[in-house]
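Excluded from the calculations below are hydrogen atoms, water molecules and symmetry mates; all remaining heavy atoms, backbone and side chain alike, are included. In the text below, chain A, chain B and the rest are named by the order of the sequence lines, each starting its count at 1.
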Amino acid sequence: MRKELAKNYSPREFEDRIYKTWCEKKYFEPDSDEKKPAFSIVIPPPNVTGQLHMGHALDETLQDVLVRTKRMQGYSTLWVPGTDHAGIATQIKVEESLRVNEGLTRYDLGREKFLERVWDWKNQYGNRIISQLKKLGSSCDWSRERFTMDEGCSRAVREVFVNLYNKGLIYRGYRIINWCPRCLTALSDAEVEYTEQPGSFWHIRYPVKGSDEFVTIATTRPETMLGDTAVAVHPEDERYAHLVGKTLILPIVNREIPVIADEYVERDFGTGCVKITPAHDPTDFEVGARHNLPIIKVMNDDATISAEYGGKYAGMERYEARRALVSDLEEGGYLVKIEPCSHNVGTCYRCKTTVEPLTCDQWFVKMAPLAKPALEVVESGEVKFEPERFSKIYINWMENCHDWCISRQLWWGHRIPAFYCDACGHMEVSKEDITVCPKCGGALRQEEDVLDTWFSSALWPFSTMGWPDKTADLERYYPTSVLVTGYDIIFFWVSRMIFSGMEHMGKKPFSTVFIHGLVRDAQGRKMSKSLGNGIDPLKVIEEYGADALRFALATGNAPGNDMRFSDEKIESARNFANKLWNASRFVLMNLTEEDGELLTLPKDEDMTIEDKWVLSRFNSLAKTVNDNVDSYELGVALQEIYSFTWDTFCDWYIEMAKSRIFDTGAASLTAKRVLVHVLTGILKLLHPYMPFITEEIYQALPHSDESIMISAYPKFCESLVYKADEEDVERIITAITAIRARRAEMNVPPSKKAKLYVVTKYKDTFLRAAKILEKLASASEVIITDEYKSDDAVAIATDAGSLYIPLSEVIDFEKERARLLSEQKKNDGEIERIEKKLSNEGFVSKAPAQVIEGERAKLKRYLEVREALAQSLAKLG
RNA sequence: GGAGGCAUAGCUCAGUUGGUUAGAGUACUUGCUUGACAUGCAAGGGGUCACUGGUUCGAGUCCAGUUGUCUCCACCA
């Protein structure tokens with residue numbers, strides 16, 4: 001007795017079990033067969049202490065679809081998994097836990113003890129995200145799992161840092177950077193998010209020294225005037241030309257500052273006079289550099305006003321200082337007016353605190369030389385973005401990016417391998433830890449700062465494969481085939497991987513960047529913790545199964561576009577799984593023969609037209625699916641599998657095959673062989689999208705491979721094209737549909753059978769399909785005749801011929817006649833339209849032959865309908 | 001200020017290089033215990049493809065412009 005599938009589809013019963021088997025069998029590890037072409041992907045490493053969210057689920061699903069498809073297509077596939085140490089994010093979490101549970105700060109513990117705590121935390125939570133990825137069915141090679149701070153990745157980081165430093169591409173400098181006063185660290189430009197916020201425009205008078213004159217400046221940040229070192233006007237602004245070179249007295253502060261001329265000033269904006277605060281504004285910093293202005297830093301790291309330059313405002317928090325200063329200015333008669341305005345405020349991408357631009361010593365990567373090859377490789381198409389439009393976004397960023405601030409004042413991360421000698425002032429950058437100054441023999445201390453998290457993820461495609469060693473993996477799997485990620489991290493990650501790959505490997509890190517959008521909630525809002533509208537993928541898996549989740553994520557949206565996730569979508573996905581489950585159950589419960597008998601495809605001469613039709617249609621499906629996966633149209637591929645499975649296979653083929661299956665003998669065996677073949681084919685095509693259910697069913701069916709995931713992916717096969725049979729069956733389907741429609745219109749229940757008279761030139765087709773017509777078109781008997789005499793029947797005209805159903809008791813002959821006439825009119829209209837098109841000189845001479853052929857075939861069908869209609873109408877007199 | 005996306009059935013969205021009478025899911029109407037599935041089956045209704053021009057034998061698709069909407073980037077303080 002053959003193994004039966006459980007009556008109900010309940011994924012919980014088998015998903016974990018199947019995943020375990022796959023792991024035990026080591027199916028996820030690449031095939032060592034050297035003759036196989038290589039296909040590789042590195043995972044975008046999720047934050048090590050993070051939790052799986054819908055964005056991950058989408059990202060993993062798409063990668064797994066690609067990897068599983070390629071594996072089945074005969075590639076040696078490697079999907080490298082791993083996690084990211086996520087500097088700020090992780091440190092914030094551990095600090096928060098320390099604060100809540102022990103009332104301590106990291107400074108209370110000290111660097112070493114604190115880092116121990118972070119490692120503990122990582123060890124405790126690091127596996128959570130990994131096990132969540134497994135729940136999804138991801139076929140990563142877990143034996144190659146990496147972590148951005150493991151020994152190998154850390155070695156790669158040092159290697160890269162030292163190389164870049166030696167080439168002069170990493171430097172340390174006193175620059176203006178983005179500072180997060182909450183995280184107490186510098187941030188890169190990419191880590192600042194700008195939000196439009198309501199603010200005010202304060203107009204303030206600065207008196208001109210030795211005169212009664214004033215200049216009025218406008219600012220949104222009056223508190224920074226403590227650090228003003230000039231006021232700038234446009235060089236060609238006649239209003240202020242006479243003041244350039246004069247000296248102003250900074251109100252309240254009473255410091256003298258010059259009026260300078262600089263082209264950056266917009267004459268028409270504000271008052272046309274700009275206060276220049278080089279220490280607290282990026283453009284002012286540049287202006288200051290051009291004019292050799294002093295830099296007066298008036299803020300501490302926590303955004304309070306400094307003691308040195310703060311005067312009476314020292315120690316005040318920045319907004320408190322603003323209020324105090326404005327009130328003092330007003331009192332002193334310096335405040336002209338306050339204008340409400342809205343302006344862009346930079347915020348920390350981790351904690352949303354308003355960042356403070358300020359000057360300090362930081363480490364930078366010089367971008368211009370690195371950007372050049374990174375641009376070329378995309379512009380030449382060697383690295384392709386999918387969809388293509390994202391390459392423009394990348395190019396635009398790469399062309400305009402500033403030097404990358406890579407130092408972070410955190411403790412969790414790769415500590416910068418620079419060593420300072422306090423005795424002689426020497427600085428040494430070294431791959432190895434060193435303690436003694438090579439210049440003076442004095443003691444060295446290592447740089448306190450760590451590197452930006454993205455510095456190590458930039459190396460991910462090669463650091464995970466063993467670089468800087470020359471490894472077999474690098475040789476075989478680098479460059480990787482495709483990178484799958486969301487458009488939100490093109491700047492953070494994709495661009496940096498590209499220039500890093502070019503610089504350190506001399507090769508691009510991947511050939512294609514496959515970009516997807518965001519998963520939004522049912523109302524189209526971004527899922528976020530603060531809104532509380534996030535849908536937990538694990539809960540969805542628990543309720544509907546991982547396959548349904550994957551289906552819902554992979555279907556119905558185009559590459560690069562955002563998608564909405566809703567109950568409706570997941571239910572529809574689950575229903576599809578259920579449909580497949582039940583169709584398989586039906587097939588299985590009818591298989592009584594030996595496996596060996598069922599696994600061979602019948603001979604052509606034994607097959608019916610519907611057998612050849614379904615094989616031929618499946619063959620086309622295989623082609624469509626392969627083509628669409630090649631062009632990253634995974635949603636289209638899946639949609640095609642869906643409609644073939646549900647419509648073609650379940651609703652038509654199984655129904656057509658039933659009459660034979662329930663019999664015994666040769667015809668029955670033939671039908672079952674075709675059923676097994678096509679169902680197995682569906683399972684294989686679908687496996688990359690819904691790995692669990694397809695494996696569970698595959699194992700229950702007669703099968704030849706140990707697992708569906710290592711079986712061969714179906715592909716187009718010339719010998720399985722049956723064009724004539726396809727046309728025959730389409731005619732039968734047209735007839736059945738037409739009969740059903742007429743019966744439904746007249747409210748004749750399917751249980752009321754009636755004879756079916758067929759006048760057709762396709763006698764043989766209808767003869768062969770008689771059983772099917774009886775079953776699917778409620779025919780008690782199918783009579784093929786040259787002429788139908790009686791006039792008490794419902795007449796149905798199709799391109800396959802005229803069909804008559806004697807149902808005199810339900811027919812209203814007047815209505816029947818009117819309907820046929822209306823159909824005739826419509827049909828004639830179509831004929832006229834096509835004939836016009838075909839007699840159009842331009843169309844016939846310019847349209848491709850295939851299109852013209854299509855129109856002619858269409859015309860032929862309409863003419864056949866016309867004939868059938870005429871015949872039917874003649875019966876009614 | 002620059003760049004880009006989106007606008008197609010009541011709703012959510014597909015529609016690949018221009019080529020049948022524009023599709024799916026869902027919702028809706030009607031009928032159905034049809035030898036697996038009511039998480040189902042059958043038959044339906046529902047669209048001026050945002051608007052205006054243009055290119056073409058042919059435009060949802062390409063081009064230009066308009067409107068609405070979302071997003072990203074940017075040093076107008």
Looking for any heavy atom pair under 4.0 Å, which part of the strands does [X] touch: base, sugar-phosphate only, or nothing?
X	result
A/Gly517	nothing
A/Met563	nothing
A/Thr220	sugar-phosphate
A/Gly854	nothing
A/Ala218	base
A/Gln639	sugar-phosphate
A/Thr737	sugar-phosphate
A/Asn344	base
A/Lys658	base
A/Ala741	sugar-phosphate
A/Glu286	nothing
A/Tyr642	sugar-phosphate
A/Asn628	base

Which whole number of Å gives the distance between the [atom1] atom of [N] and that of [M]?
N	M	atom1	result
B/C76	B/U17	C1'	44 Å
B/A74	B/G15	C1'	36 Å
B/U20	B/A59	C1'	15 Å
B/A50	B/C11	P	14 Å
B/G47	B/C6	P	25 Å
B/U55	B/G18	C1'	11 Å
B/U16	B/C63	P	14 Å
B/U67	B/U52	C1'	11 Å

Pair assignment for [N], Watson-Crick or G-U wobble, requiring both distances under 3.5 Å:
N	answer
B/G60	none
B/U69	B/G5
B/G47	none
B/G25	B/C11
B/U16	none
B/G40	B/C32

Just say parallel, tilted or perpendicular for the rings of [X] and [Y], cut-offs at 30° and 60°.
X	Y	answer
A/Tyr9	A/Trp581	tilted
A/Tyr642	A/Phe576	tilted
A/Phe586	A/Phe662	perpendicular

Is any side-chain N or O of A/Glu640 under 3.5 Å from a base N or O of B/A24, one able to act as donor and the other as acceptor?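 Side chain to base: no pair below 3.5 Å.
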
Measure from the ring centre of A/Phe662 to the centre of the six-membered ring in the base of B/G35, then say whether that distance is under 5.5 Å and the planes meet at under 30°.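 One would call A/Phe662 stacked on the B/G35 base.
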
Which of these nucleotides, [options], is closest to any side-chain atom of [X]?
X	options	result
A/Asn747	B/U56, B/U26, B/U30	B/U30
A/Lys846	B/U56, B/A77, B/C37	B/U56
A/Lys858	B/U20, B/A43, B/C73	B/U20
A/Arg574	B/C57, B/U39, B/A43	B/U39
A/Arg861	B/U20, B/C75, B/A24	B/U20
A/Pro848	B/A36, B/G5, B/G19	B/G19
A/Arg564	B/G5, B/C37, B/U12	B/U12
A/Val636	B/A14, B/C75, B/C37	B/A14
A/Lys837	B/G4, B/G19, B/U39	B/G19
A/Val265	B/U26, B/C75, B/A77	B/A77

If we check side chain to side chain contact (heavy atoms under 4.5 Å, CB included) with A/Thr229, which of these qualifies: A/Thr277, A/Val287, A/Ile295, A/Leu293? A/Leu293

Between [X] and [N], is there a contact of a side-chain N or O with OP1 or OP2 at under 4.0 Å?
X	N	result
A/Lys579	B/C41	yes
A/Trp646	B/G25	no
A/Arg221	B/A77	no
A/Asn400	B/A3	no
A/Asn578	B/G40	no

[atom1] of [X] versus [atom2] of [N]: gap in Å, rounded?
X	N	atom1	atom2	value
A/Asn557	B/G15	CG	C1'	14 Å
A/Phe491	B/A3	CZ	P	15 Å
A/Leu859	B/U20	CG	P	16 Å
A/Glu745	B/A42	CD	P	17 Å

For RNA chain B, whose closest nucleotide is more 5', that of A/Lys775 or that of A/Lys526?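 That would be A/Lys775.
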
5' precedence on RNA chain B between A/Asn840 and A/Ile736 (nearest-nucleotide basis): A/Ile736

I need the minimum non-hydrogen distance between A/Ala671 and A/Tyr653, along with the two atoms involved. O-OH, 3.8 Å

Restricting to non-hydrogen atoms, name the atom on A/Ala552 and the atom on A/Met563 that form the minimum distance, rounded to 0.1 Å. O-CE, 3.6 Å

When the aromatic ring centroids of A/Phe201 and A/His203 are compared, is their separation below 6.0 Å?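 Judged by ring-centre distance (under 6.0 Å), A/Phe201 and A/His203 do meet the cut-off.
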
Any A/Trp397 side-chain heavy atom under 4.5 Å of A/Ile490 side chain: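 A/Trp397 vs A/Ile490: side chains apart.
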
A/Lys858/A/Glu855 salt bridge by N-O under 4.0 Å criterion: yes

Test your reading of the model: is there a side-chain donor-acceptor pair from A/Lys775 to the backbone of A/Glu655, 3.5 Å cut-off? no

